[in-house]
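Remarks on the structure that follows.
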Amino acid sequence: MAVLLESQPDMLLVGEASDGADAVRRYAALRPDVTLMDLQMPGMGGVAAIRAIREDYPRARILVLTTYDGDAQAAEALRAGAAGFLLKTTLRRELLDTIRVIHAGRRHVPAAIAQQIALHAGDESLSAREQAVLALVAEGLANKEVAWELGVAEDTIKTHLKNIFAKLGVSDRTLAVTTAMRRGILSGAASPN
């Protein structure tokens, strides 16, 4: 990517970051015209980094560049203040054109992702607790084990799963996990908190 950007007469790569916290520090030090941000980073993730940057620099122009096309992650990044969203598999020409669009102060979301965001815009979101339950289910834990991990009764887990199924429009644990993964609702390791 660095070689591609440096080969453009109207672009200059001014810095790179190793994680979200580093991205926030580097943004403050360098103040780039356009920031390319990954969502999946160690420590502070991309969405949190976008929020932190935009809190101090509301005019920051941030383009999310990720391997994952889930509508939930895209919508969250856009709500956090990203000006655009692209997949890393995007053709080089589209990437360069999109950077220029973002630099000009416009926004960009590919049609397929925008359609998925619109399709699920009215859906009720999973709560943080429901996401934690589903993440533990994705790790293969039975209801009893999930209950133990979260320090609640097994019936509470069954109620959470029933709500998750309704919100995702699915009828079983496997479909709930695959749907949440596909949409970007569930992407990291479980957190019991």
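Along the sequence shown, residues are numbered consecutively beginning with 1. Note that the coordinates shown come from a computational prediction; the quantities given were computed from them, not determined experimentally.
You'll find the side chain of Leu168 reaches within 4.5 Å of the side chain of Ile185, heavy atoms only. Contact check for Arg107 versus Val101: no side-chain heavy atoms found under the 4.5 Å cut-off. Residues Arg54 and Ile62 have side chains in contact (heavy-atom distance under 4.5 Å, counting atoms from C-beta outward). Residues Ile53 and Met37 meet the side-chain proximity criterion, which asks for heavy atoms closer than 4.5 Å. Side-chain contact between Pro110 and Leu86 is present, with at least one heavy-atom pair separated by less than 4.5 Å. A heavy-atom distance below 4.5 Å is not found between the side chains of Leu126 and Asn163. By the 4.5 Å heavy-atom criterion applied to side chains, Glu6 and Met11 are not counted as neighbours. No side-chain heavy atom of Ser171 sits under 4.5 Å from any side-chain heavy atom of Phe165.
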- Message: What verdict does the side chain to side chain contact (heavy atoms under 4.5 Å, CB included) test give for Asp38 and Leu65, after you've listed the backbone C-alpha separation in whole Å, the side-chain angles of each residue and the deciding distance to 0.1 Å?
- Response: CA-CA 5 Å; Asp38 197 344; Leu65 192 59; over 6 Å; no
- Message: side chain to side chain contact (heavy atoms under 4.5 Å, CB included), that's the test. Do Met44 and Val24 meet it? Break it down for me.
- Response: CA-CA 10 Å; Met44 175 187 279; Val24 174; 3.9 Å; yes
- Tell me, with the steps shown, if Glu130 and Lys167 meet salt bridge (charged side-chain N to carboxylate O under 4.0 Å, His left out). CA-CA 10 Å; Glu130 289 167 342; Lys167 289 178 179 182; 2.7 Å; yes
- Task: Any chance you could lay out the side chain to side chain contact (heavy atoms under 4.5 Å, CB included) test for Arg31 and Tyr57, step after step, and finish with the verdict?
- Result: CA-CA 9 Å; Arg31 306 268 185 94; Tyr57 306 95; 2.9 Å; yes
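Through chains of ILVMFWY side-chain contacts below 4.5 Å, Leu12 is grouped with Val14, Leu30.
Under the 4.5 Å side-chain heavy-atom criterion for Ile, Leu, Val, Met, Phe, Trp and Tyr, Val170 and Val146 are members of the same hydrophobic cluster. Cluster annotation: Val47 is connected to Val109 through the hydrophobic network of ILVMFWY side chains, with a link wherever side-chain heavy atoms come within less than 4.5 Å. Cluster annotation: Leu87 and Val64 are assigned to the same hydrophobic cluster (Ile/Leu/Val/Met/Phe/Trp/Tyr, side-chain heavy-atom contacts under 4.5 Å, transitive). Linking Ile, Leu, Val, Met, Phe, Trp and Tyr residues whenever their side-chain heavy atoms come within less than 4.5 Å places Val137 and Leu141 in a single cluster.
Taking CD1 from Ile99 and CG from Leu95, the interatomic distance works out to 4.0 Å, rounded to the nearest 0.5 Å. Rounded to the nearest 0.5 angstrom, Met1 CE and Glu16 CD are separated by 9.5 Å. Taking OG of Ser18 as the start and CE of Met41 as the end, the distance is 9.0 Å to the nearest 0.5 Å. In this structure, Leu150 CG and His160 NE2 are separated by 7.5 Å, a value rounded to the nearest 0.5 Å. Rounding to the nearest 0.5 Å places CD1 of Ile164 at 9.5 Å from CZ of Arg173. Separating the CG atom in Asp33 from the CZ atom in Arg100 is a distance of 13.0 Å, to the nearest 0.5 Å.
Scanning both residues, Ala21 and Asp19, for their nearest heavy atoms gives N-OD1, 3.2 Å. The shortest heavy-atom contact between Val177 and Ala138 is CG1-CB, 3.7 Å. Closest of all the heavy-atom pairs between Ala82 and Leu78 is O-CD2, 3.5 Å. Between Ala83 and Ile102, the closest heavy-atom pair is O-CD1, 3.5 Å. Shown here for Asp22 and Ala17, the closest heavy-atom pair between the two residues is OD2-CA, 3.2 Å. Minimum interatomic distance between Gly20 and Ala49 (heavy atoms only, all atoms of both residues): O-CB, 3.7 Å.
With Thr66 as reference, Leu39 is the one residue of Leu36, Thr89, Leu39 to meet the side-chain contact (heavy atoms from CB on, under 4.5 Å) rule.
Taking Asp97 as the reference, Arg93 meet the side-chain hydrogen bond (donor to acceptor under 3.5 Å, both in side chains) condition, with sequence neighbours excluded.
Side chain of Thr179 to main chain of Ala176: no donor-acceptor pair is present (N/O by atom type, distance under 3.5 Å, no hydrogens or angles).
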